[in-house]
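Chain letters run A, B, ... following the sequence lines, proteins first and then strands; every chain starts at 1. Every heavy atom of this structure was used, including side-chain atoms; hydrogens, water molecules and symmetry mates were not. Values in this document were obtained by computation on a predicted structure and should not be read as measured data.
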Amino acid sequence: MTDSLPPQYDPSTVEAKLYRWWLDRGLFRPGPGEPYVIMMPPPNVTAQLHMGHGLNLGIQDVLIRFERMRGRAALWLPGTDHAGIATQNVVEKLLAKEGLTRFDLGRPAFVERVWAYVRETGDTILEQIKSLGASCDWDRTYFTLDQGLSDAVREVFVRWYEKKLIYRGKYIINWCPRCLTALSNEEAEKEEVDGKIYRFRYPLEDGSGTITIATTRPETLLGDTGVAVHPKDKRYRKLIGRRVMLPLTDRSIPVVADLAVDREFGTGAVKLTPAHDPLDFEIAARHGLAAIDVMTPEARMAETVPERFQGLDRFEARKRVVAELEALGLVERIDPHRHAVGHCYRCETVVEPRLSDQWFVKMAPLAKPSLEAYESGRLKFIPERRGTEYARWMENIRDWCISRQLWWGHRIPVWYCEAPRCGAVSASRTDLTRCPKCTGPVHQDEDVLDTWFSSQLVPFSSLGWPARAADLDRFYPGHTLVTAPEILFFWVARMVMSGLETQKALPFTTVYLHGTVRDTLHRKMSKSLGNGIDPLDVVAQYGADALRYTVIGGLAVGTDVILDPADLESSFSTGRNFANKLWNMGRFLLSNLEGPVRPLAGKAESAVEKSELALVDRWILARCETTVVEATDAYENFRLNDAAGAIYRFLWNDLADWYLEAIKPRLYGEQAGGDVARAVAAQVFDVALRLLHPIMPFITETLWKRIPGRHPDWSISVAPWPRSDRRAADPCALDEFGALQELVGAVRSIRAEYNVQPGHAVRVFVTEPGEKVQAAIRAMRPTIERLARLSALSLGNGTGAEAEGGAHAVLQDGTAVTVPLGDLVDLGKECARLKAEADRLDQLVGGQEKKLANEQFVSRAPADIVQKERDKLVQWRDQIAVLADKRGRLGCTG
RNA sequence: GGGCGAUUAGCUCAGCUGGUUAGAGCGCUGGUCUCACAUACCAGAGGUCGGGGGUUCGAGCCCCUCAUCGCCCACCA
């Protein structure tokens with residue numbers, strides 16, 4: 001068996017093949033049973049896999065595999081998002097290389113071009129996801145532009161339109177002058193920038209003076225249609241109702257009074273540009289002031305401004321306006337000013353607030369039940385604090401601008417009647433060719449819907465809704481949603497709203513928001529910064545298991561994952577080494593498990609009797625039980641790093657370092673009980689592999705399949721989850737074996753201290769052993785001798801040979817350990833070592849005596865705590881006494 | 001401008017409701033190619049738990065405050 005397994009694990013020879021095998025066996029399709037559903041956040045169809053995906057997908061796969069093994073009908077549903085702006089941008093960039101724009105192609109040809117691109121590259125991200133081992137049900141893969149999902153979009157749009165939840169109107173929206181489309185509030189990301197605040201004087205029309213306004217965007221001056229002041233502002237009261245000349249133009253504009261003006265800010269006088277500022281728009285509306293749009297869609301100055309400004313970029317125009325005002329002596333002051341400015345979340349261009357006709361979803365009615373779901377506890381967030389963010393957003397919700405001036409996406413299903421007398425506006429589930437009211441000719445709205453309008457529906461649209469579908473009945477509502485906090489509002493909140501509105505049920509009950517993958521400077525990994533780590537490189541170099549172990553194991557709930565792109569080795573070697581360790585544990589065990597292995601429990605004749613178990617067997621079984629309980633609890637509560645840690649420690653520090661080493665003589669027939677050891681080892685290894693499988697699916701499957709007695713068709717991915725067995729919990733075994741470990745450790749330390757040759761066996765005298773040490777020696781003497789490399793272990797009486805020059809250690813319970821090393825021992829050094837140890841204990845004792853002498857402590861602290869502290873004091877004094885005795889015998893001075 | 005989180009070993013992080021001598025991985029030092037594994041084994045060094053104050057018999061953990069970093073929200077032009 002060993003011959004067929006090389007000493008180093010090579011994931012590349014295993015993972016792809018194994019993944020294929022899982023798929024062929026249909027193991028990722030939900031079986032019978034109680035459903036457990038996770039909707040994968042659909043990656044953009046043009047996306048390339050990055051570490052953020054790695055983290056996100058890793059977590060989901062752990063959860064879905066865990067529940068699958070627990071017998072749930074686990075469905076992890078994958079798909080891709082058509083990603084309106086992002087995809088259109090990608091294809092437009094490709095066109096630009098050919099010197100073309102989308103307008104050169106025209107809409108139908110451009111859309112066809114995007115489809116061609118998507119058909120060609122759309123599967124890339126899905127294939128990349130597979131290389132991570134993601135156990136999705138690929139048979140159900142969707143794309144948000146699929147017919148069924150498009151039907152869902154229209155169904156929801158028309159329903160909401162009919163319910164008056166969707167409306168069209170002229171409002172100030174966020175406009176990206178590069179993407180040439182409106183953006184929602186969420187898509188316009190506020191960023192603090194260092195700008196300037198300018199104070200300009202506007203002369204009164206009658207020449208009797210000036211009024212000074214403050215602005216951060218001088219170029220919008222050209223679109224001013226008024227100046228507003230607070231009605232109670234004494235400085236300006238007498239100016240209300242009068243008119244000022246708008247500099248650089250020949251227009252005069254009124255001074256109005258409005259409560260929305262903040263007297264404290266700036267000069268207390270606001271210039272009103274209703275077409276380019278939401279507040280100005282509101283104020284202007286109240287006072288019947290016109291709005292003048294002074295910019296083109298590209299944010300160049302439009303024909304509505306004086307000719308010399310026309311065509312200038314807005315920032316050029318800003319300089320020009322300031323310069324001209326300066327020349328006119330109308331600039332009072334320019335001060336630095338830090339403020340938040342909206343940026344396009346796709347291209348980071350500074351967003352221009354702009355007045356235009358757009359479609360909106362009325363959010364308040366949808367938000368109400370969504371907030372209620374959270375407040376009643378039906379919807380939970382992990383970590384909890386994310387819930388308050390969600391609630392605050394719901395409470396302050398604003399209407400959602402859903403129209404986008406793009407060509408790629410779901411076209412708004414609204415048709416306008418062209419008959420002059422009718423002019424009906426009709427929303428329809430099916431394409432219209434004539435007006436339903438007057439049968440006149442119609443044309444469809446030019447805009448498409450925000451991508452998130454369709455992705456908010458995937459929890460049910462991907463299951464077949466609005467058609468009647470068995471999947472929908474079975475898998476809606478789902479359970480856990482795992483995503484990055486960035487899209488809490490974009491996506492998560494809206495899924496909740498649309499789910500509650502259309503399905504009358506929450507799409508999921510728990511939202512797990514994980515952290516962000518960052519570099520060592522805590523910067524988000526991104527292409528533009530060049531600080532990314534390509535997960536595919538990691539998979540190729542270290543294996544998917546290593547990648548998964550790294551991101552899962554280094555991840556406390558809700559915290560960021562910091563990785564160093566310049567040093568993959570330090571990040572991923574732990575996972576790779578762990579896989580390799582497992583591989584070699586497997587090689588060792590499997591080569592020793594040939595032939596029948598006795599069952600550990602059950603009615604079979606050959607079943608191992610409890611009385612046959614050695615101390616070390618009972619110990620590893622107890623540790624295994626502890627690990628089952630810890631890991632299961634951790635998985636259940638999303639503490640995946642705790643699960644990973646508990647399993648790692650069990651496998652490496654307990655099973656490999658101690659148990660396997662301890663049973664070697666039994667396996668080799670040098671000691672009795674080999675068949676029991678094999679039975680125990682097989683059992684705990686099996687259990688641990690199953691516990692680890694959600695995190696490291698490939699290596700665990702590879703090894704698990706090789707355990708003798710497995711049917712070749714069995715897969716660990718659907719093996720039953722290990723059950724806790726209280727009978728295996730054996731505190732006595734844990735204590736006694738713990739004493740054994742301490743004893744062995746003490747001898748090893750002495751050996752290292754004195755540079756004893758590793759091959760050289762030493763004698764050891766143990767005097768005044770504590771109960772546990774005695775029990776351990778009684779039960780496991782040959783094992784101790786082996787692990788500590790002893791030629792003999794004698795229970796001495798504290799006199800005679802063992803008292804002569806040797807190296808000494810004192811265990812916690814006062815057991816004295818003496819290793820006679822003859823000439824090797826440097827007496828001075830030994831005395832110093834013992835003294836240092838005694839001094840350390842003296843300090844502890846000092847503190848402890850003080851603590852126990854404190855009346856307050858003794859009377860107020862719980863009795864069991866006090867007793868524990870007393871025990872400690874006794875123990876330490878004991879150790880000190882033994883140390884003193886040793887030092888006396890060695891003739892130490894000082 | 002509001003709200004929230006973080007600050008523990010050189011690095012990345014654990015440390016659950018306050019009560020063992022504060023832990024892990026990597027890195028570092030010393031020793032080993034011991035018949036599963038040098039991607040390993042054994043031993044070890046390294047921390048006044050960001051500063052200050054407080055509550056308590058007892059604080060890494062609770063409270064206040066300061067500092068630094070980060071996140072979310074926000075129509076003060």
Side-chain angles (χ1 to χ4, degrees), chain A residues 2 5 7-9 172 190 197 213-217 220 228 260-262 264-267 269-273 277-282 339-340 353 383 385-386 388-389 392-393 396 485-486 488-489 515-516 518 520 522 542 546 553-556 558-564 567 569-571 573-574 576-592 637 639 641-642 645 648-649 653 656-657 660-661 664 668 745 748-753 755-759 789 812 840-841 843-844 847 851 854-862 864-866 868-869 871-872 876:
Chain A
T2 311
L5 301 180
Q8 298 223 325
Y9 173 59
I172 297 277
K190 294 289 178 145
I197 186 157
I213 56 84
T215 181
T216 54
R217 293 187 298 155
T220 61
V261 178
D262 180 350
E264 308 297 317
F265 189 85
T267 62
V270 191
K271 65 192 240 358
L272 297 176
T273 318
D277 184 280
L279 181 64
D280 293 4
F281 177 74
E282 276 176 34
H339 61 145
R385 63 192 153 83
R386 295 290 180 183
T388 58
E389 272 175 35
R392 198 170 30 172
W393 186 78
N396 302 307
E486 290 100 271
L488 176 58
F489 308 132
T516 308
R518 298 175 183 279
T520 45
H522 294 205
Y542 298 91
L555 178 79
T559 60
D560 289 339
V561 175
I562 311 292
L563 298 173
D564 186 353
D567 187 4
E569 186 70 14
S570 74
S571 297
S573 62
T574 304
R576 176 201 57 196
N577 294 356
F578 186 33
N580 192 242
K581 185 72 181 180
L582 282 167
W583 176 253
N584 278 291
M585 290 169 72
R587 284 207 316 147
F588 172 69
L589 270 174
L590 296 173
S591 68
N592 284 290
N637 292 294
R639 290 182 287 108
N641 58 328
D642 285 348
Y648 179 96
R649 285 190 295 275
N653 301 339
D657 289 349
L660 296 186
E661 291 305 323
K664 276 178 179 172
Y668 301 153
R748 284 172 171 173
S749 292
I750 288 171
R751 297 181 61 111
E753 182 78 21
N755 284 316
V756 178
Q757 288 304 304
R789 286 245 174 192
Q812 283 184 35
R840 192 181 67 88
L841 287 166
Q843 282 224 316
L844 289 175
K851 189 187 243 183
N854 184 344
E855 203 42 54
Q856 300 279 13
F857 172 69
V858 179
S859 59
R860 295 205 185 185
D864 57 319
I865 296 290
V866 175
K868 234 178 177 171
E869 298 300 319
D871 292 347
K872 277 197 281 190
W876 291 336

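Applying the 4.0 Å criterion to OP1 and OP2 of B:U34, one finds that A:Lys664 has every side-chain N and O outside that range. Here A:Tyr668 reaches the OP1 or OP2 of B:A36: one of its side-chain N or O atoms lies under 4.0 Å away. Proximity of A:Asn577 to the phosphate of B:A40: a side-chain N or O atom is located under 4.0 Å from OP1 or OP2. Note on A:Ser570: every side-chain N or O is 4.0 Å or more away from OP1 and OP2 of B:C11. Distances shorter than 4.0 Å separate some side-chain N or O of A:Lys872 from OP1 or OP2 on B:U21.
Among the heavy atoms of the strands lying under 4.0 Å from A:Gln8 is at least one base atom, whether or not backbone atoms are also near. Residue A:Glu855 is classed as having no contact, given no heavy-atom separation below 4.0 Å to the nucleic acid. Residue contacts for A:Pro862: at a heavy-atom cut-off of 4.0 Å it reaches a base atom on one of the strands shown.
Of the candidates B:G19, B:U39, B:U20, B:U39 carries the atom nearest the A:Asn580 side chain, counting heavy atoms from C-beta on.
A donor and an acceptor atom sit less than 3.5 Å apart, one in the side chain of A:Glu661 and one in the base of B:A36.
Using a 4.0 Å cut-off between charged nitrogen and carboxylate oxygen, A:Arg392 and A:Glu389 do not count as a salt-bridge pair.
Spacing between atom CG of A:Asn755 and atom C1' of B:G31 amounts to 7 Å, rounded to whole angstrom units. The distance from atom CG of A:Asp277 to atom P of B:A77 is 9 Å, rounded to the nearest whole Å.
Taking the C1' atom of each, B:C72 and B:G27 are spaced 35 Å apart, rounded to whole Å.
The cationic group of A:Lys664 lies under 6.0 Å from the six-membered ring centre of A:Phe588 and within 45° of the ring axis, placing it in a cation-pi geometry.
Across every strand in view, B:A24 sits in a pair with B:U12 that passes the Watson-Crick or G-U test at under 3.5 angstrom.
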